[in-house]
Number of protein chains: 2
Amino acid sequence: MDKKKTQSKKELILKAAEEVFMANGYEATKTTQIAERAGVTHAMLHYYFQTKENIFRKIYEDKINMLKDPIVALVENKEMELPQRIDTIIETHFEFLKANPTLPHFVISEMNNNPHLIETMKENIGEVMGESYKKLQNEIDEYVAQGIINPITALDLLLDIVSLNVSAFVMLPIIKSVVSDKDEQNAILEQRKKEIKETINRRIIKTENKA
Amino acid sequence: MDKKKTQSKKELILKAAEEVFMANGYEATKTTQIAERAGVTHAMLHYYFQTKENIFRKIYEDKINMLKDPIVALVENKEMELPQRIDTIIETHFEFLKANPTLPHFVISEMNNNPHLIETMKENIGEVMGESYKKLQNEIDEYVAQGIINPITALDLLLDIVSLNVSAFVMLPIIKSVVSDKDEQNAILEQRKKEIKETINRRIIKTENKA
DNA sequence: GCAATGTCTAACAAGTTTGTTAAACAAAAT
DNA sequence: ATTTTGTTTAACAAACTTGTTAGACATTGC
């Protein structure tokens with residue numbers, strides 16, 4: 001058998017499935033639609049994946065895993081001082097979202113509709129998150145003790161950053177409907193990024209240490 | 001004909017539709033499911049609303065209109081000073097979301113899946129928002145000129161508040177899966193509210209004016 | 001009372017959607 | 001070569017979904 005052709009068929013289906021699932025979500029996606037886009041008969045994706053649910057889980061788990069890396073990057077890279085590193089985290093996370101703008105809505109949406117998918121997420125990235133979280137909290141506490149930053153829990157800080165960043169992209173469809181120009185849309189996003197950094201910076205940096 | 005019974009049938013359908021649509025979204029909701037929950041044959045909701053789309057729009061427009069009031073409240077009530085009023089806005093908006101925790105995800109989700117629904121939103125609350133926005137920007141500018149608060153666009157301020165508040169509830173399903181105790185969940189929400197107020201306060205208040 | 005109108009049900013219909021299966025076709029293994 | 005295994009298609013089927021319709025039943029106005 002021709003391995004390349006086989007792989008490419010399965011991959012074609014996965015790629016098509018990813019596109020359609022990401023754009024429309026689980027319920028609105030029809031297996032025939034995926035097959036059409038992949039250029040195969042819909043029996044093919046039952047041959048490879050048996051059920052619609054199976055294809056979906058493959059995609060979903062891939063996407064969930066994508067969330068892990070930017071978060072792990074948060075605690076490594078101890079070269080920079082914490083405040084500047086947090087700035088970099090916002091930058092990295094924001095750019096990651098820019099490269100995957102439909103990811104947040106997709107994940108949130110599916111977690112809301114299928115609460116058991118939250119378990120999938122916890123299984124996949126739970127321990128890693130837990131570790132990173134503890135390390136970050138310890139670091140924060142040190143900086144607080146030194147009087148450099150304001151007290152804050154690592155959870156609140158992470159939620160602040162993620163909330164602000166993610167929302168910028170979740171609300172993108174609204175922005176797009178108001179301004180159609182691509183450059184202008186990008187300018188708005190850049191402005192948001194700047195504002196988010198400013199907001200987080202003011203939240204953590206002690207006022208006495210600011211210019 | 002018995003008006004009360006008629007109203008109650010139609011209302012039963014609308015109530016059931018609201019529950020199911022809010023919980024599952026447009027695509028995942030089946031008309032038979034709505035009929036079942038309302039305790040009527042599914043022909044009934046075609047009799048009253050003709051199509052699934054029609055029932056949905058009724059629900060959707062109602063929900064969109066609910067968003068308007070808390071925002072309008074932002075500019076009225078000139079008794080308080082701006083900074084304290086912003087604090088109240090966060091409080092009001094947060095409590096509104098607490099009373100309607102599934103609303104944000106529902107609206108965002110449907111706007112993402114059906115971009116034309118954004119038009120519906122703009123038609124319903126567009127002008128009101130525009131007016132409130134201008135008034136707020138003028139007020140901010142005054143306070144900035146007096147050296148009381150840091151420069152910020154009204155859009156950024158609103159987006160910061162809405163992003164942080166909404167995210168707290170959009171991510172609620174995750175919190176619920178981690179902590180099952182209701183009181184504990186509430187404590188987490190209260191902590192988030194406090195943190196959001198703190199974050200926004202530090203963002204806008206000039207450092208010189210702070211204790 | 002009875003005609004007109006509104007409400008409701010059961011049955012049906014057309015289309016879609018997920019999934020199966022038999023059989024054709026291709027490749028690999030012996 | 002031929003058996004075995006893997007891939008692909010076309011046709012089918014069962015279930016579900018949205019929507020219709022004919023007629024029963026109730027209510028109202030006259």
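Proteins get letters first, then strands, A, B, ... in listed order; numbering begins at 1 in each. None of the values given here were measured: they were computed from a predicted structure.
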Would you indicate which nucleotide in [options] comes nearest to any side-chain atom of [X]?
X       : options               : value
A/Tyr48 : D/dT7, C/dT20, C/dG19 : D/dT7
A/His42 : C/dT18, D/dT20, D/dT7 : C/dT18
B/Lys9  : D/dT18, C/dT9, C/dT20 : C/dT9
A/His46 : C/dT18, D/dG19, D/dG6 : C/dT18
B/Lys52 : D/dT20, D/dG19, C/dC8 : D/dG19

[N] [atom2] sits how many Å from [X] [atom1], rounded?
X       : N      : atom1 : atom2 : result
B/Ile55 : D/dT18 : CD1   : C1'   : 11 Å
A/Tyr47 : C/dC25 : OH    : P     : 17 Å
A/Met44 : C/dT21 : CE    : P     : 17 Å

### Query
Is there a residue in residues 20-41 of chain A whose heavy atoms reach under 4.0 Å of DNA chain C, and which residues are they?
A/Thr29, A/Lys30, A/Thr31, A/Thr32
### Query
With under 30° as parallel and over 60° as perpendicular, where do the rings of B/Tyr60 and B/Phe56 fit, or are they tilted in between?
parallel
### Message
Parallel, tilted or perpendicular: which one describes the rings of B/Phe96 and B/His93, with boundaries at 30° and 60°?
### Response
parallel
### Message
Using a 3.5 Å distance criterion without hydrogens, assess whether the side chain of A/Asn65 forms a donor-acceptor pair with backbone atoms of A/Glu61.
### Response
yes
### Query
Would you say the side-chain atoms of B/Asp181 pair up with the backbone N or O of B/Glu184, donor to acceptor, closer than 3.5 Å?
yes
Under 3.5 Å, side-chain donor or acceptor atoms of residues 14-25 of chain A against the rest of the protein: list the pairs with distances, not counting sequence neighbours.
residue, atom, partner, partner atom, Å
A/Glu18, OE2, A/Lys63, NZ, 3.1
A/Glu19, OE1, A/Arg37, NH1, 2.5

### Query
How would you list all residue pairs meeting salt bridge (charged side-chain N to carboxylate O under 4.0 Å, His left out) that involve residues 104-119 of chain B, not counting sequence neighbours?
B/Glu119-B/Lys122
